[in-house]
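Down below is the structure, laid out as structure tokens.
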Amino acid sequence: CSSPEVVDMPPSAELDPRYGARFTVVVSPLQTGTRACRLHAVDPATKRHIGAVLLLIVADAPEVKKAYEILLPVLTSVPKRLAFRNEATQPIRYKVRSADPGIVSVRTPELMAPALETIHIELLFQPCPATLSFKADVLLFITSEDRAIQETRLLQLTYT
């Protein structure tokens with residue numbers, strides 16, 4: 001895949017003699033706008049190219065469930081914890097991704113949350129090379145393993 005950060009590909013696909021490769025992909029864009037992504041199906045045994053697909057991904061801004069205003073020092077790496085409550089009545093495994101890992105990286109990209117309990121997402125705010133104050137907005141995507149629950153948090157960062 002030409003954009004592995006946007007498209008989750010299965011490790012393998014089934015071959016259908018009538019159609020070639022048959023697989024399911026999950027598209028999870030990290031940025032708004034339009035983007036092209038090439039998918040290539042290759043036989044792992046023979047390395048033969050079986051097929052290709054061009055996806056045109058059009059992503060609108062997500063609905064933000066909660067926003068956080070965070071003050072940070074410039075030129076300093078800062079770890080922080082973000083509380084997240086599992087509102088489901090059963091334990092759920094969540095995946096957490098940052099729209100801009102160069103600014104905010106997720107130290108706990110997978111979390112198991114007990115039913116109706118609060119867990120903490122470990123984040124690392126990268127040092128900002130600005131010498132004056134600087135502002136940035138970064139989206140944090142929280143998705144259940146079965147993708148039934150998808151939340152977006154907005155981190156409004158101010159570096160001083």
Side-chain angles (χ1 to χ4, degrees), residues 1-12 23-40 42 44 53-160:
C1 173
S2 64
S3 300
E5 70 281 0
V6 175
V7 179
D8 288 335
M9 291 289 300
S12 63
F23 52 88
T24 302
V25 298
V26 176
V27 178
S28 301
L30 295 175
Q31 298 170 341
T32 59
T34 302
R35 170 182 205 144
C37 175
R38 294 179 312 276
L39 303 177
H40 296 274
V42 177
V53 175
L54 178 65
L55 295 178
L56 185 59
I57 301 165
V58 180
D60 294 329
E63 180 183 327
V64 173
K65 183 165 184 177
K66 193 170 185 179
Y68 303 87
E69 290 183 15
I70 301 172
L71 299 174
L72 298 163
V74 296
L75 302 172
T76 306
S77 178
V78 179
K80 286 197 178 279
R81 299 172 75 197
L82 185 72
F84 175 76
R85 180 169 169 77
N86 177 13
E87 296 179 4
T89 56
Q90 72 266 5
I92 295 181
R93 180 174 302 281
Y94 289 95
K95 289 186 177 184
V96 183
R97 295 180 309 141
S98 168
D100 195 341
I103 296 177
V104 181
S105 59
V106 180
R107 298 172 101 181
T108 49
E110 290 192 24
L111 298 164
M112 187 64 180
L116 303 171
E117 289 198 22
T118 299
I119 57 172
H120 290 91
I121 300 167
E122 303 287 335
L123 302 173
L124 181 62
F125 294 85
Q126 304 299 335
C128 175
T131 54
L132 301 171
S133 65
F134 173 75
K135 291 186 179 220
D137 289 343
V138 178
L139 295 173
L140 202 62
F141 301 101
I142 306 166
T143 308
S144 62
E145 196 170 48
D146 64 359
R147 303 185 62 78
I149 299 170
Q150 297 183 37
E151 289 188 17
T152 303
R153 305 290 172 97
L154 173 62
L155 307 177
Q156 298 171 311
L157 311 179
T158 302
Y159 292 89
T160 57

Strictly distance-based, threshold 3.5 Å: is any side-chain N or O of T108 a donor or acceptor partner for the main-chain N or O of E122?
yes

Sequence neighbours left out, what pairs pass salt bridge (Lys or Arg N to Asp or Glu O under 4.0 Å) with at least one residue falling in residues 135-144?
none

What is the minimum heavy-atom distance between [X] and [Y], and which atoms define it?
{"X": "I103", "Y": "A136", "answer": "CD1-CB, 4.3 Å"}
{"X": "P79", "Y": "L124", "answer": "N-CD1, 3.8 Å"}
{"X": "M112", "Y": "I119", "answer": "O-CG2, 4.1 Å"}
{"X": "R38", "Y": "L54", "answer": "CG-CD1, 3.8 Å"}
{"X": "S98", "Y": "V138", "answer": "OG-CG1, 3.6 Å"}
{"X": "L154", "Y": "L139", "answer": "CD1-CD2, 3.9 Å"}

Do the side chains of L140 and V96 get nearer than 4.5 Å, heavy atoms only?
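A side-chain contact under 4.5 Å exists here.
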
Working to the nearest 0.5 Å, report the span between [atom1] of [X] and [atom2] of [Y].
{"X": "F134", "Y": "T160", "atom1": "CZ", "atom2": "OG1", "value": "13.0 Å"}
{"X": "L157", "Y": "Q126", "atom1": "CG", "atom2": "CD", "value": "11.5 Å"}
{"X": "K95", "Y": "T143", "atom1": "NZ", "atom2": "OG1", "value": "9.0 Å"}
{"X": "L111", "Y": "S144", "atom1": "CG", "atom2": "OG", "value": "12.5 Å"}
{"X": "R97", "Y": "T152", "atom1": "CZ", "atom2": "OG1", "value": "9.5 Å"}

Going through the checks in order, is the side-chain contact (heavy atoms from CB on, under 4.5 Å) test met by R85 and L116?
CA-CA 7 Å; R85 180 169 169 77; L116 303 171; 3.8 Å; yes

Taking only residues two or more places apart in sequence or in another chain, which ones pass salt bridge (charged side-chain N to carboxylate O under 4.0 Å, His left out) with E117?
none

Salt bridge (charged side-chain N to carboxylate O under 4.0 Å, His left out) partners of R107, counting only residues at least two apart:
none

Checking N86 now: which residues fulfil side-chain contact (heavy atoms from CB on, under 4.5 Å) with it, not counting sequence neighbours?
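Once residues adjacent in sequence are excluded, the partners of N86 under the side-chain contact (heavy atoms from CB on, under 4.5 Å) criterion are A88, I92, Y94, A113.
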
Scan the side chains in residues 64-77 for donor-acceptor partners under 3.5 Å anywhere in the protein, sequence neighbours excluded, and list what turns up.
from	atom 1	to	atom 2	distance (Å)
K65	NZ	E151	OE2	3.2
Y68	OH	R153	NH1	2.6
T76	OG1	V74	O	3.2

Hey, could you give me each pair passing ring-ring contact (aromatic ring centres under 6.0 Å, His included) that has a residue in residues 100-127? Not counting sequence neighbours.
none

Would you indicate whether Q90, at its atom CD, is surrounded by more than 12 heavy atoms from other residues, nucleotides or ligands within a distance under 6.0 Å?
yes

